[in-house]
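We count ligands from 1, going down the list as the structure has it; atoms in each ligand are counted the same way.
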Amino acid sequence: MARDPKHDILFEPIPIGPKILKNRFYQVPHCIGAGSDKPGFQAAHRSIKAEGGWGGVNTEYLSIHPESDDTHRLSARLWDEGDVRNLRAMTDAVHAHDALCGVEMWYGGSHAPNMESRCTPRGPSQYASEFETMTYCKEMDLDDINMVQGYYVDAAKRARDAGFDIVYVYGAHSYLPLQFLSPYYNKRTDGYGGSLANRARFWIETLEKVKRAVGDECAIATRFAVDTLIADAGVEVERDALDFVRMADDYVDVWDVNVGDIAEWGEDAGPSRFYRQGHQLPWQRFIKQVSKKPVLGVGRFTDPEKMAEVIRSGQLDIIGAARPSIADPFLPEKINQGRADDIRTCIGCNVCISRWEIGGPPMICTQNPTAGEEYRRGWHPEKFPKAGSDDSFLVVGAGPAGSECARVLMERGYTVHLVDDQDKIGGSTNSIATLPGLGEWGYHRDYREVQLNKLLKKNKESQVALGAKKLSVDDCLEYGADKVIIATGAHWNTDGTNALTHDPVEGIDTNTPTHLTPEQVLDGSKPIGNKVLILNCDPYYMAPSLAQKLQEAGHKVTIATGVGLGHYMHFTLEAPNMHRMMHELGIEVVGDVWASKAEANRIQLYPIFGDGYRREYRGPGKLPRRENTHFDWHEFDSLVVVTGRSSDNELFTGLKARKDEWAANDIKGVYLIGDAWAPKLMADATFDGQRIAREIELEDPQHPKPYRREVAVWGSPYLPGDKFEIEYDI
Ligand code: SF4
């Protein structure tokens, strides 16, 4: 198909310093857990985006010196020649697809914990990081300033030698240059503190030195939080940012602008729960009014109409993207080919970010299960190996795991029957997407629905049977498929079984009128009284989401929780605004409690640390602590039980129990994926579906085959080869 002429503006080249960006699609720096330590992962993940049409592709933040060491997280590094060599794999791989390659030079000040290097960080003034734990910096004197600026210059030269085209001086997210600029951090009284011109001096001098060192060969970028969202305590766009841009413009070839700080960087990487596409434009749009240089910015742009409109209206010159490029590395190429309906739209769940926040395991993506698997598993997001046999498949359950499994099997050319008793593809996603703020999570279902319908037109033997009767063990045995894949999902526990006691709570029974599961709240199958108590032992979104839904519907909600509230939402950057929302709505949270028993309209809670702090051996059957004696009854009209989930795996266990009948029914194998295997993140359920569909020819496809690891092996050369090579599993 031809490109829509309305989108032509997105494909116009634009000069940035000595380089030409071939189009307006630009993957901004974002973390993946590769750094300089996993050169294969780094090269493969970034180059797949270059192959998919992104004109510019960056590393994650890149430490310029051991004084800026982010261990327990994993940044890239340009500390020595070894790092140059490792990152050269990425620049070569990206250049092979005619894209520019950028690097984001980072010095964190107090926000760098330096747990590996044990260096003492430096900053504009001495302060304790509001982001890291127990990290202070040394206030820089003039020698320090000169020395740290030298680190930037040395790293810039190494970046040039590694083949990078774009070199950033990274000042967004409250890192060192912005720490000098912001009165929140900068309390100096010398020539680097006080007036805006003084506070801007460090950043501008650094840009000038870096430009002088590498500016003839590399474009100089700077990432700038134009408003730190704390009014005049920090940087404000109209008061500070516009004058700063005027002062620094001569030394910058491209401005990368956003908002927020590091402690709440979800204001930049806004989750869809709180922010829509383009949410930073009210701040970003100011910069083009004063800069003579190209301006780019992120805002989870996924819709080509919106992207073209943002450029046409003069708000930005270049569309920056992190998450949309992860969810669909081929987004630019699909727009170019007029295939916007094939875009795997980022759902804004921030599960990708959660992995960096946890501390450095490889990034995963809910929409794109091949993200992070390009090198170690050889997975290409758009290409699949041809079917290895004539086997036919019955996939039971069209949720995230089942629909992904069926899609990939059909892409490979297999005949697949996908069967579900729901009327729609999507499984649990269909109800989850009705929770407040989670509507965009429905894009996960939509992508698979569109792709399966397209595949059905090409693959006439395959079927998607929705609204079907629930299949029994006999039905599966007699179905006629060679292989059966069970993806029947999971359910919320009906008896209060939980992660704290691993037992039910006495008296909880959601088959009674006043006790409800989340499913019963969402399907409206039971009346809900005015006073609601949510008993929570789940670390993610369900309890706060149900509380919001019910409180906004006029109920009076209290959450009693034994595992904090939405703890995983700290990692997805949803937590700060979730807590603000709970406070604003007047939802009461009773923390560090668990339930000993429940009745129809009341529940007995106890403090989970109510037992004695001294431990001693007291004999068999005796707790080694003083027993808790503090119990409180709490009344409710309705109790919502968010205590844990269990797999719906009866069909699988029933089939396993009759394994001796498989051969007589020409069944070669029965497999279990997704929540039916074990309850998990939607991203991991989707991964299960893709993984088994790619590995189905293995002798034991139930269990993943080993993946390629990038590890140092004693006595062997560390690097796998002289140049980056990858053989995709296609
Ligand atoms: Fe988007 Fe979620 Fe994938 Fe991140 S994990 S890229 S937010 S779909």
Starting from atom 2 (Fe) of ligand 1, count all protein N, O or S atoms within a radius below 2.8 Å.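 There are 1 of them.
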With Arg300 as the cation and Tyr275 as the aromatic partner, state whether NZ or CZ is under 6.0 Å from the six-membered ring centre and within 45° of the axis.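 No.
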Checking Arg376 against Phe41: charged group under 6.0 Å from the ring centre and within 45 degrees of the axis?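 Not satisfied by the 6.0 Å and 45° rule.
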Going by an N to O cut-off under 4.0 Å, is there a salt bridge joining Arg691 and Glu404?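 No, Arg691 and Glu404 are not salt-bridged.
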Any donor-acceptor N or O pair under 3.5 Å, side chains Thr572, Asn350: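 Judged by distance alone, the side chains do not pair up.
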Hey, are Ser545 and Arg273 close enough side-chain-wise for a donor-acceptor pair under 3.5 Å?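 Arg273 vs Ser545: donor-acceptor pair found between side chains.
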Plane angle bin for His111 and Tyr175 - parallel if under 30°, tilted between 30 and 60°, otherwise perpendicular: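 The rings of Tyr175 and His111 stand perpendicular, inter-plane angle above 60°.
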